[in-house]
Amino acid sequence: MKVERRQFEVRGIVQGVGFRPFVYRLALSHGLKGFVRNESSCVRIDVEGDSAALDSFEALLPDSAPPLARISGITSRDLKPAAYHDFRIEESGRKGETISQVPPDAATCEACVSELFDPADRRFGYPFINCTDCGPRYTIILSVPYDRPFTTMAGFRMCPDCRKEYENPSDRRFHAQPNACRDCGPSLRLCSPDGSDLRSPNPPADAAAALAALRIAAVKGIGGFHLACDARSAAAVARLRERKKREEKPFAVMARDMQAVERIAVASSREKALLRSPERPIVLLRKKDGGGIAESVAPGNRFLGVMMPYSPLHHLLLSSGPEALVMTSGNLSDEPIAFGNDEALSRLGGIADVFLLHDRDIETPADDSVSRVVAGRAMVLRRSRGYVPAPVFLESDGPDVIGLGADLKNTVCVCRGNAAFLSQHLGDLENLKAREGFAQAARRLIRLLDARPAIVAHDMHPGYASSRHAAVFAGAARIPVQHHHAHVASVMAENMLEGRVIGVAFDGTGFGTDGTIWGGEFLVAGYEGFERAAHFRTVRMPGSDAAARQGWRMALSHANDALGDRGLGLAASTAPDAQSAEIAAAMMKSGLNSPWTSSLGRLFDAVAAVCGIRTCSSFEGQAAMALEGAASDEPCEPLPFAFEDKDGRLEIDTRPLFAEVCRRAAARVPAAEISRSFHDSITDATVQTCLRIGSRFMLDRVALSGGCFQNALLLDSCLQRLANAGFKVYSHCLVPPNDGGISLGQVAVVRGILRFPRTK
Ligand code: ZN
Ligand code: ZN
Ligand code: FE
């Protein structure tokens, strides 16, 4: 037998996901000798043996890798045989050299679920069962390397049985850091809101019974507490809304299994795959009529956020209680999610009737992630538990950089080497608690990655809390990045685009370089810079920030812009009363507290108000979502619009469009038809604008970003019609199109500037 030796470098998400034991088993089964080792940016495998065995090993390496591994590339080379004696898992390379990969939390795998419900298994009914392929990770890690003593499992000493599994490379629990059983691991208890132990012999079953009796339970999960109630009971949901002070924002539902999902919503095979993925996000699905979910769960909404159980505790809870539970973040209105036992008791004591607690601490809170399938592709809308902190890989290397994001749907992003690590969703930085969480998350991410950011990127908005936070990084250079440039750079980065593209950034609000509020932008952009090639017509925002939540103000503004005083008269009925309308109109005319905006999000709000769909929003994007939900499935008569050339910059004139919307609304054309016409006309305007810019700048790639592209109808039609017009079109998949992706874009812009310095 001729002995050959081959060395492989495997890149991607291959550390902390059971990759080395997998390689170990694969090598042993092929009779190969050598080693496997984690290195700074790869896993190195060195094997020697029979050449046919090496070929088979090489072929199986990518295809049979563990479920949580994401291989982005494998290189191999032949070396002179080294006469290895055995195959071993070597310790990691020198400290400081490694860019530690902290694995994301993964939903309970099928093997663990079947053990959980197998009366013969030693972990039957044990709510903390896990293995190398599943279980908590990011949320329990205190520091790196990812090893049990540096997790919140440190205090639990493994019993001999668990230890045996943990140390056996051919066991499914080899080096599963949270490995535990009933004898040695964490345990549950059921408590009353005052914290007293109810001494339940079976906490999940008793909690399920309380839920079936329409009580509200606080349930400690993986990334924090949920507030749960029976999703089929209008009374239970109403009580939860009242106590949580959350009027209309939709609640997510956790369904027992796929049959239960299909009873309440319509799910395609792609959506089902997403529901079952190890990331296990909330997936936005089309609600089924008569599915039995209380209307108040997602009032006036055609869509329903649905997820499947992702921790053993969820499986136990749903196996005996209601088959569909509201599972919403354990917080009060807009505060961050509660994740400590005492904190939860004090903050949620007035909301929940019972508390299902456990003693495995959550080190880092992480909300549930939210995804949606558009044009057959998954798009993440809120990137948190399950996805974080898996990196987004960039095209090239550079110094450490941190991006601080924007003030809404904030995330921060630390870039080391070619890997950009985004934090969990940190929410809106309006309140103190959220700002504290943001500062802490930034510190923690830097520490986990052992990063030394030389440059801090932040939004250009001088009033943003995230921008002001840049001052904390003493000694680091600060680079402000325009908001929509960051949006475009984020979608470029995740698609690894180089050079210049037509960046279409549609959202609610972002500070422009001219001091106005942008949000309907066409940028000719590379990472290092951009030119504002076109935008929607600029109108007043009477009442400034108030106009973002009160769509009727934007209706007045657009109506006034399109039709003057006659328009004001037409739109006045959308205002809560005549006096408010008068005040807003006066503000607009004098310019007092009425900044200019080209925001497409605000145009959506205005159209929703005039159509009678929604004149006020209780949360960001509510009116636009309702407008999308109302749209007819059939194409309708398009709306007119015009173009105006303003010193070489193109302006999409929305006046004819809005005048026609007002006319149709007055003529009682159904809102479904107006909404559909509006969506299609925006797509039309987008395609025509891109064609003009494309021929002027010789560009044929379009990158779509911004919160408006959470709208499936708009995104789907833009993708199709731009492609039909001959463009290569790119959209989001790995990071959110909304401001949750801004931090990645900021980092990509700074890296671009370093490579290609801006020339003025
Ligand atoms: Zn498992
Ligand atoms: Zn044990
Ligand atoms: Fe934005």
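Numbering of ligands and ligand atoms starts at 1, following listing order.
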Which atom, counting only N, O or S, brings [X] closest to the Fe ion (ligand 3)?
X: Asp507; value: OD2
X: His483; value: NE2
X: Asp739; value: OD1

Next item on the list: Please note down the angle at the Zn ion (ligand 2) between SG of Cys181 and SG of Cys159, to the nearest 10°.
Entry: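 Taking the Zn ion (ligand 2) as the apex, I get 100° for this pair.
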Check: To the nearest 10 degrees, how large is the angle at the Zn ion (ligand 1) between Cys112 SG and Cys134 SG?
Finding: 100°
Item checked: Opening angle between SG in Cys109 and SG in Cys131, taken at the Zn ion (ligand 1), to 10 degrees -> 100°
Next item on the list: List the steps and the verdict of side chain to side chain contact (heavy atoms under 4.5 Å, CB included) for Arg701 and Leu722.
Entry: CA-CA 10 Å; Arg701 294 179 300 171; Leu722 284 165; over 6 Å; no
Notebook entry, point to check: What's the verdict on side-chain hydrogen bond (donor to acceptor under 3.5 Å, both in side chains) for Tyr166 and Gln177, showing C-alpha distance, side-chain angles and the deciding distance?
Noted result: CA-CA 8 Å; Tyr166 182 86; Gln177 306 303 347; 2.6 Å; yes
Notebook entry, point to check: Using the benzene-type ring in the case of Trp, are the ring centres of His679 and Phe604 under 6.0 Å apart?
Noted result: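 Yes, ring centres under 6.0 Å apart.
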Next item on the list: Please check if the distance between the ring centroids of Phe19 and Tyr24 is under 6.0 Å.
Entry: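 Phe19 vs Tyr24: aromatic centres not under 6.0 Å.
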Check: Is any side-chain heavy atom of His732 closer than 4.5 Å to a side-chain heavy atom of Ser490?
Finding: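 The answer is yes, as the side chains (C-beta and beyond) meet within the 4.5 Å cut-off.
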